[in-house]
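One structure below.
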There are 2 protein chains.
Amino acid sequence: MGNKRLTVREIAKLADVSVATVSRVSRGTGQVSQETRERVLRIIEEYGYRPSQMGRSLAEQRHGMVAIVFPGLAGPYFSELTQGFESQAMEAGTGVHILVTHHRDDADDSVLDMASRVDGIAIHGDTVRTETLRRIAAEVPVVVLAGRPMDGVPAVRADNSTIGELTRHLLVDHGYRRLAFVGSPDGSPDVTDRWEAFQAAHKQARVPAPRNPVRLGLQQSDGVRAAGELLDGRRPPRAVVCANDETALGMLIGALGRGLSVPGDVAITGFDDVPMASLVQPRLTTVRQPIRELGATTARLLISGLGNRGAVMDAVLATEPVFRESCGCPRT
Amino acid sequence: MGNKRLTVREIAKLADVSVATVSRVSRGTGQVSQETRERVLRIIEEYGYRPSQMGRSLAEQRHGMVAIVFPGLAGPYFSELTQGFESQAMEAGTGVHILVTHHRDDADDSVLDMASRVDGIAIHGDTVRTETLRRIAAEVPVVVLAGRPMDGVPAVRADNSTIGELTRHLLVDHGYRRLAFVGSPDGSPDVTDRWEAFQAAHKQARVPAPRNPVRLGLQQSDGVRAAGELLDGRRPPRAVVCANDETALGMLIGALGRGLSVPGDVAITGFDDVPMASLVQPRLTTVRQPIRELGATTARLLISGLGNRGAVMDAVLATEPVFRESCGCPRT
DNA sequence: TTGTACGCGTTATCAC
DNA sequence: GTGATAACGCGTACAA
């Protein structure tokens, strides 16, 4: 194992042909006689020759590879997003490089390094600073995923305003007062949008909104922690609007674990409509977001945009509220 | 944006020096006069020059990049694993390429393609077929992560036998009969080991083990489904040993959602000890696995082993049972 | 200290 | 149908 790989030249010598012919055979391009082709193919097979990617990309001036940058990858959200992205990349014969920043300090360097290894980069939310985004965009095509377009960098995102409908539903249809919002607006553009839609809905319903959101992460464990913060206080909220389903699920688990009734004592809503949302008891009222399609659209935009610039600059995908029982609606 | 990037030659011309000097400056290697260095540095800065990775790796005969291959990335497990892996890779100045197969048919091709883009590959469980693993190992150094060593390919894994202790605890200490196991042994080596340890513990306690495991995936939603299969039947199990925490959590949610008492009606155990395990009510009895260390060890072995072969062949990391309340133990 | 020239592995353009 | 040979961008002996 670990044998040094053979090069075109060596294969050419072994098959007694020129490197050009080996290349033609291995790429299946150009004209090669039946006999020669078979001979070369046999040698290639025998020695397990595979053209070096670095040699190839140097010659072709492309990597056949795009990258997608995430802040982290816990939860089903990123998994779905990746699958949507990869499905389209694959269709275009392009590889996908996943880069996770984990909110590290040197994340920007990693992303800049990526820029010289791929033909295009999709960057999620605000994983990198604006300044870095600009520098990267100067080197390779970039698409912002789940964030706002900027300086000629196109974006693909979901319509977050629908969480306003959910909020209105809680305030008006159910008549709840004292709502809480769980999520850090400074953490991601998506959460910023959702927090703003939450506030806007309050304004429209002429109900005072809470001054601050419960600033926590987007994982289930954060939802459980939020339950601790909100439900153990002396004036617990009547309903909790969570920035995503994971925190809503954590919140639900925390509430039930305290012996509270959901939605009787506290109503809970989420965002995403992940599989678990319809599997828990009570089922989760949420906003359905086409996560997979979000990834797919991003990949298409990125890959097609590699050549022609100035197409779509801001693709906003539609979302829809899904009313189940965790908000207080009867089971249908 | 999208400006074609400058090459060493162009920078050299602009700074009025040779390409060698530019290279020396940008790499910080060799001897360059203070004055020249500053001049070149200024030009590099001004034009935002960054050496092309493909040119560099072609010249250096290395990529400065290793890959880690996963079957999927839902749940906190892969997130932790990745962070451990990346922390070590980073320390060695190596980039990390994450490849997710999603159990696709053409996954093996993707992995083979990776082989010519990186200096080494860590492959999780059995994401690829044995035959493919062999071919890859013939091209680049490979380490199996959470699987068995094979044909000179080293492995890093956790001690799965501890789930036997947990099973014994349920059978002997608590005296439970009719246990069920949730997880697909054919899905991954880890689950195979755990299923076998589960069976072995039964044998040792002279209690008949169930003939078959509940063959489902490793996500929370699978746990909820397992709850449906097991708890709605006419002879529900007294205790359920789940292959990981995610399914155990799903199981717990499913049980509680049915109005059952845990551990009163049914005891539940997991594997991993993820953060949620100690946050739910009742807290989850499980096996603690050093996930992050698993990733870190793999990276170290892979990167150090790039040069010297024949070091560690099978690193088995210790695990420990964590008894909480979901198995029936009193809260301590 | 600096510059020239070659090699890395591949593809593509010409001649033949 | 096939073979030389020139790119591609960089690092680095070797020469100056």
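Throughout, a chain's letter reflects where its sequence line sits, starting with A, and its residues are numbered from 1.
Atom CZ of A:Arg135 has 12 or fewer heavy atoms from other residues, nucleotides or ligands within 6.0 Å. The environment of CG in B:Asp106 is crowded: more than 12 heavy-atom neighbours from other residues, nucleotides or ligands sit within 6.0 Å.
Considering only side-chain atoms of A:Arg24, the nucleotide from C:dT13, D:dC10, D:dT12 that sits closest is C:dT13. Checking C:dC8, C:dT10, D:dT2 against the side-chain heavy atoms of A:Thr36 singles out D:dT2 as nearest. Of the listed nucleotides (D:dC10, C:dT10, D:dT12), C:dT10 has the atom at the smallest distance from the side chain of A:Arg56. The side chain of B:Arg27 has D:dT12 as its nearest neighbour among C:dT11, C:dG3, D:dT12. Closest contact between the side chain of B:Ser52 and the listed nucleotides C:dG3, D:dG9, C:dC8 involves D:dG9. Of the candidates D:dT12, C:dT10, D:dA4, C:dT10 carries the atom nearest the A:Ala59 side chain, counting heavy atoms from C-beta on.
Between the P atom of C:dG7 and the CG atom of A:Leu58 lies a distance of 16 Å, rounded to the nearest Å. One can place CZ of B:Arg39 at 11 Å from C1' of C:dT2, the figure rounded to the nearest angstrom. Atom C1' of nucleotide D:dC10 and atom CD of B:Gln53 are separated by 11 Å, given to the nearest angstrom. In this structure, the CZ atom of B:Arg37 is 10 Å from the P atom of C:dT1, given to the nearest Å. Rounded to an integer number of Å, the gap from CZ of B:Arg9 to C1' of C:dG3 is 14 Å. Spacing between atom CE of B:Met54 and atom C1' of C:dC8 amounts to 14 Å, rounded to whole angstrom units. Put simply, CZ on A:Arg50 is 11 Å from P on C:dT10, counting in whole angstrom units. Whole-Å rounding puts the A:His63 NE2 to C:dT10 C1' distance at 14 Å.
A side-chain donor from one of A:Ser33 and A:Thr36 sits under 3.5 Å from a side-chain acceptor of the other.
Using a 4.0 Å heavy-atom cutoff across all strands shown, B:Thr29 reaches no nucleic acid atom at all. Using a 4.0 Å heavy-atom criterion, one finds that B:Val17 contacts the sugar-phosphate atoms exclusively. Counting any heavy atom pair closer than 4.0 Å across all strands shown, A:Val8 reaches a base atom.
For the OP1/OP2 pair of D:dC8 and a distance below 4.0 Å, the side-chain nitrogens and oxygens of A:Gln61 include no atom meeting the criterion. Between B:Tyr49 and D:dC10 there is a side-chain N or O to OP1 or OP2 distance below 4.0 Å. For the OP1/OP2 pair of C:dG3 and a distance below 4.0 Å, the side-chain nitrogens and oxygens of B:Thr21 include at least one atom meeting the criterion.
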Give the intermediate values and the outcome of salt bridge (charged side-chain N to carboxylate O under 4.0 Å, His left out) for residues B:Asp314 and B:Arg157. CA-CA 8 Å; B:Asp314 191 11; B:Arg157 47 183 174 162; 2.8 Å; yes

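Between A:Arg148 and A:Asp193 a salt bridge is recorded (basic side-chain N to carboxylate O distance below 4.0 Å). A salt bridge is absent between A:Glu91 and A:Arg300: the closest approach of a Lys/Arg side-chain nitrogen to an acidic carboxylate oxygen does not fall below 4.0 angstrom.
Between B:Glu60 and B:Gln34, the residue whose closest nucleotide on DNA chain C is further toward the 5' end is B:Gln34. Residues B:Ser23 and A:Asp16 both approach DNA chain D. Their nearest nucleotides, taken by heavy-atom distance, put A:Asp16 toward the 5′ side. Position along DNA chain C of the nearest nucleotide to B:Ser33 versus A:Thr7 favours B:Ser33 as the more 5'-ward residue.
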